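Side-chain atoms are counted along with the backbone in the values below, which use heavy atoms only and exclude waters and symmetry mates. Computed from a predicted model, the values in this text were never measured in an experiment. So you know, we letter chains A, B, ... as the sequences are listed, proteins then strands, and number each from 1.
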Amino acid sequence: MSETEKTAFEPKIVAYVCNWCTYLGADLAGTNRLEYPSNVRIVRLPCTGRIDFNLIIKAFEMGADMVVVSGCHPGDCHYTAGNYHARRRWTLFRDLLETMGIDLNRIHFAWISAAEGKKFAEFITEITDKARQLGPYQAYREICE
Amino acid sequence: MSETITQQALRALVDEWIGAGTKVAGPSYVKKDLCQYVPLTSSAELLLEGFIHPRNSVKDFFFPRHEKIYEYTLKGHEVELADMTPASTPQVIVAARPCDTAAVAILDAVFNWGEKDEFYTQRREAATIVALACVTHDSHCFCTSVGIGPDAEKGADVMLLPLDGGFEVRCLTEKGKTLFAGRTQPSDKTAVIPEGPKVKVSPEQVRAALEDYDNPLWKTATLRCLSCGACSFTCPTCHCFDIVDEGNAHGGCRAKNWDSCQLCMFTKHASGHNPRNVQGQRQRQRTQHKFRIYPDKFGEVLCTGCGNCARNCPVSLGILGTLVELCAEMPKTVGESK
Amino acid sequence: MIEEIRQTCRTLLEAGTVNVVIAYGQSNPDGPVHPIFVTKPDDVEKIVWNKQCFANLTTYLTRKEVKSLGKAAILVKGCDARSLVVLVQESQVERSDVHVIGLACEGVGEPELAGKCRVCEVHMPVGVDVTIGSTEAAAPEGQNRYALVDEFMKKSPEERMAFWKQEFERCVRCYACRGVCPLCYCNQCIVDKNRPVVIDTSATLKGNFAWNITRAFHLAGRCVSCGECTRVCPAGIDLRMLNASLAQSAEKHFNYRAGMDPETPPVIGTYNAEDKENFIR
Amino acid sequence: MSNIYMPDLMEVVEVKQHTADVKSVKIKFKDPEKQAKFSFRVGQFGMYSLFGEGESTFNICSSSNWKDHIEFCFRKTGKVTDALWRVDEGDTIGFRGPYGNSYPMEAWEGKNLVFIGGGIAMPPIRCAIWYALENRAKYGDITIVYGARTPRDLVFTDELEKWAEYDRVRVIQCVDPGGETPEWKGEVGLIPNVLAAANVPAGNTAALVIGPPIMIKFTLPVLDRMGVLAPDIYTSLENRMKCGVGKCGRCNCGPVYVCKEGPIFTMEQLNALPADF
């Protein structure tokens, strides 16, 4: 990809976030007037424990270039342990995706609390930059043609 | 006297077709131990001997497992539809087993009665089928039990019969003649095709046995069925399909997808009611469809004895086994009296 | 050994201990071996035990048509016994409801031993009610049970993706993998649900990727590598690779192997606050 | 027409909600020429598409004499009907049809007609009722027995009153015991019992019975006692369909393709078929 194409490309990023921490973190980023790229589409779910891996596949199917999954820090889950369960699942899921040859640079996980508006903004900014560098997720789009 | 072609010349001819932009498909090893009918990119991939029956069937090239029937675009209250022109690129199916070619001829009836399914008929018209007679068979084969044999010509445009170093070529239709025009050599040899598998059941006998709709056998003999679609999807004559919409908020397509009467969702109503709720009923439906419903409606048994159902069944529950069991229960005279 | 198997089954049926024996049989002597359901004591003569007894019969324990026959005895090989452990762990089967007849197994497949048997560690089934036969066969020393995956992972991600594209291209969505799997016991599979449609039912690459990823992951930490899905796939898709990769992952990260010990809680159903999380920010 | 699966685009003219989960929809062809040319016989069905959701099979519940639109009625139970519930006037849907056989309205001429419907089964009867009323002189006495669980589950209630105004038409409405409200003026009881008590004259009669299988099961003996014979009792099967044109192999009921040879069958025909419905 040429430099001009890279700058013209605006990645689509889907962020699945939990209702109690990261969503509020994003909200805080907003109320604090912290700027972060508008490439991210936030989808709010009750808990990271509810974030079905099929949602991640679905996002790629629908043309996402990057997927973000984020929720409460360990120990802070609104439902006590949803994020612990989720963490186990992601650990295995990442390995499965790796075996499939799916680029793990396209999926990012984070713990972002309701107080971490700044972390949210920084995290999104950083991964958006990364997504720009990576370019469109052509490999999965080809599968979906 | 006969017309013959050497294997080498046949391969050269196949390469010529491919070079001319014709879609050519035939049996090939796609990986170790897996022979399938697949689109060929070169004649080197083509198998002309050493296989019994590919794991799939040639219906794939007339009635693909997924086919877009139209596209839709959603624009507020409005919808735009775009018809998908049925594929009519010339295609040649080469080295198809007689049980597969016969199946295509049998399927013509259902796709043509009443409304014509152009997606099927267009492909069919644009295709030339070069059949390859069988010199061996395995324990699953039962073509002779349903009136087909190792060199049955039904549905074929050309029949190739193995002859040392090459094939005897019998052009059966105008299409076939055009395809092989000037490519065969006259010879005084004619191919001798060994007999096919022993006849194990007769369609009439089966037809009679199927009159007993509530035969308890459907419960016991099919108990091991796992309710998958492996038999239907690899069957050359199974033609049931589903129609689905796939797309996003802006548009998408409507598609015809293979479906199987063995899958539990096949007849399930939205209300949850399912007319065929247990596996025995679904097995019965499949057998009834092949040996009673279709023959009654279209005059031909919807089975060519290829044995793919048994070959592909996770628990070796082929239709032949069921038929044999079904008929074993019958008094011998029934069916023969016809 | 076969006489002992038949005698055991006959005794169980005659005593009324069980109503049905889920076993291996053959419709004719040269025909393939397939599952049979023996309900009459005299029919135990139909039971066979040989190198063609591939099927994992535990898949029938959760099927309504079979359950309706009453209390069952079942023949299991060492690998099959593992899936029974998972079924019991997941409350799908009440262990006391099934009479489990373990068969000492030196591996199935002829002339070539099935891949799973070459690295088998459970020639003698565990957790059964009775074991028939004995074998000295043991796991090869110093074996790497994930050698296949390790070898595959040497390929670049692009090569791996290309491989799966080629494999899934052939998937016709017959769901034989689901049908044969003892652990695919859901009343309604997610692919059969349509509100909303989670996985496209079309046998396109898109739908096939989604389906196969989903099935593999729904078996994460559960698959006991009985290899049935791979054996029955009419399109010859190398499904065991996905399952083995997840099994390796469960062992590597959580020191867990499915179906080895009924007392260890399932890896996905539990957690440890100290689980590693080096990939999470 | 080359693509037999290609629907025509229809404009939704009117949507009417009947109960908590039943709506009827009036549609007309976007192409006026097609609308003018379109004709069907009462009892036939169509395949209705909501693009992106799929296709569903419903009876055309308007009379074949109404030329400017067609109507269908559905209960919200599945993927497509859930989505149809959100359809509003001015929206576009797809229609293929008409398919299947129809009520033998000509053969019924000169006969007394008994229409018996339970719950959501009114729409497929409604088209026949309107057709008979619009050709009132051709038919004898008409009795309509319509029941549902509660008054709130009855559909086309306004039309029930209109029908009753016709000459020699008797409309009996009923609700299941326990389903009645203080305002309820109709009968209370299950359809078979209400029918048995209604003293419907049964000579030279054809009956159309549509409803849940259990209702049909218990209504048949009542009709039998009344003297209405199996060849004169009609019903409509509702097997799941995808293509509607005898290809997809889904609606088979034994040797019968319901989409081509049905959906209307006499009890005599059904008795000869396996119970795959």
Side-chain angles (χ1 to χ4, degrees), chain A residues 22 48-49 52-58 60-62 68-71 73-75 77 80-112 116 119-120 122-124 126-127 138-145, chain C residues 149 152-153 155-165 167-169 190-191 196-200 204-214 216-221 241-250 252-254 256 267-281:
Chain A
T22 307
T48 43
D52 194 315
F53 68 95
N54 277 124
L55 292 171
I56 298 176
I57 304 293
K58 202 87 197 162
F60 287 133
E61 280 184 359
M62 296 181 90
V68 172
V69 179
S70 175
H73 284 272
C77 179
T80 319
N83 53 359
Y84 286 133
H85 285 287
R87 186 169 65 185
R88 279 211 159 180
R89 247 181 278 150
W90 300 340
T91 307
L92 297 177
F93 190 53
R94 273 170 46 93
D95 283 1
L96 174 65
L97 294 185
E98 199 164 12
T99 311
M100 307 273 311
I102 289 169
D103 188 356
L104 288 183
N105 290 316
R106 302 284 181 174
I107 307 173
H108 295 270
F109 300 87
W111 303 133
I112 297 173
E116 293 175 322
K119 181 176 176 185
F120 182 84
E122 284 170 1
F123 179 63
I124 296 297
E126 190 191 317
I127 61 149
Q138 215 54 48
Y140 213 92
R141 284 185 199 178
E142 279 165 21
I143 289 171
C144 298
E145 267 165 9
Chain C
V149 186
F152 182 67
M153 294 304 282
K155 295 180 191 233
S156 72
E158 291 74 23
E159 284 169 331
R160 294 199 295 265
M161 174 73 100
F163 171 80
W164 289 114
K165 269 181 157 171
E167 293 291 285
F168 295 155
E169 181 73 53
I190 187 162
V191 77
V197 174
V198 180
I199 302 158
D200 283 3
T204 54
L205 255 193
K206 178 186 176 195
N208 291 352
F209 258 80
W211 161 247
N212 286 289
I213 292 176
T214 302
F217 197 64
H218 280 178
L219 289 165
M241 186 85 80
L242 293 179
N243 295 329
S245 144
L246 279 163
Q248 181 184 37
S249 179
K252 185 172 81 187
H253 299 296
F254 308 112
Y256 181 85
V267 67
I268 289 280
T270 180
Y271 66 91
N272 182 339
E274 307 308 317
D275 285 341
K276 280 176 289 183
E277 54 168 49
N278 49 13
F279 63 93
I280 307 174
R281 272 256 281 228

Output for pair (A/Glu145 CD, C/Thr204 OG1), nearest 0.5 Å, gives 11.5 Å

Quick one: does NZ or CZ of A/Arg88 land under 6.0 Å from the six-membered ring centre of C/Phe254, within 45 degrees of the ring axis?
yes

Heavy-atom proximity to chain A below 4.5 Å, by part of C/Lys155
neither

Portion of A/Glu126 that has a non-hydrogen atom of chain C nearer than 4.5 angstrom
side chain

Enter the distance from A/His108:NE2 to A/Ser70:OG here, rounded to the nearest 0.5 Å.
12.5 Å

Just verifying a value: how many Å separate C/Trp211 CH2 and C/Ile213 CD1, rounded to the nearest 0.5 Å?
12.5 Å

So for C/Phe168, is it side chain, backbone, both, or neither that comes closer than 4.5 Å to the heavy atoms of chain A?
side chain

Greatest number of heavy atom pairs closer than 4.5 Å to chain C - which of A/Lys119, A/Arg94, A/His73, A/Glu142:
A/Arg94

For chain A, which of C/Val267, C/Val149, C/Asn212 has the most heavy-atom pairs under 4.5 Å?
C/Val267

Considering all heavy atoms, the nearest C/Ala220-C/Ile268 contact
O-CG1, 3.7 Å

Checking A/Thr22 against A/Val68 for the side-chain contact (heavy atoms from CB on, under 4.5 Å) test, could you report, in this order, the C-alpha distance in whole Å, the side-chain angles of both residues, the deciding distance, and whether it holds?
CA-CA 11 Å; A/Thr22 307; A/Val68 172; over 6 Å; no

Greatest number of heavy atom pairs closer than 4.5 Å to chain A - which of C/Ala250, C/Ala273, C/Gly207, C/Ala162:
C/Ala273

Please report the closest heavy-atom contact between A/Asn83 and A/Gly75, naming both atoms and the distance.
ND2-N, 4.3 Å

Which one, C/Phe279, C/Phe209, C/Phe152, leads in non-hydrogen pairs under 4.5 Å with chain A?
C/Phe279

Between A/Glu98 and chain C, with a heavy-atom cut-off of 4.5 Å, which part of the residue counts as in contact: side chain, backbone, both or neither?
both

Applying a strict 4.5 Å limit to non-hydrogen atoms, the region of A/Tyr84 in contact with chain C is both

What distance separates A/Glu122 CD from A/Ile112 CD1, expressed to the nearest 0.5 Å?
10.0 Å

Supply the atom-to-atom distance C/Asn243 CG to C/Leu219 CG, rounded to the nearest 0.5 angstrom.
6.0 Å

Interface moiety of C/Glu167 toward chain A, non-hydrogen atoms closer than 4.5 Å:
neither

What part of C/Asn272 lies closer than 4.5 angstrom to a heavy atom of chain A: side chain, backbone, both or neither?
both

When rounded to the nearest 0.5 Å, the distance separating CZ of A/Phe60 from CG of A/Leu97 is 7.5 Å

Winner by heavy-atom pair count (cut-off under 4.5 Å) against chain A, out of C/Val198, C/Thr270, C/Ile199
C/Thr270

Please look at A/Ile57 and chain C and tell me whether the side chain, the backbone, both or neither of the residue comes under 4.5 angstrom of a heavy atom of that chain.
side chain

Any idea which of C/Pro157, C/Ser249, C/Gly269 has the most non-hydrogen atom pairs under 4.5 angstrom with chain A?
C/Ser249

Between A/His85, A/Arg89, A/Arg87, A/Glu61, the one whose heavy-atom pairs under 4.5 Å with chain C are most numerous:
A/Arg87

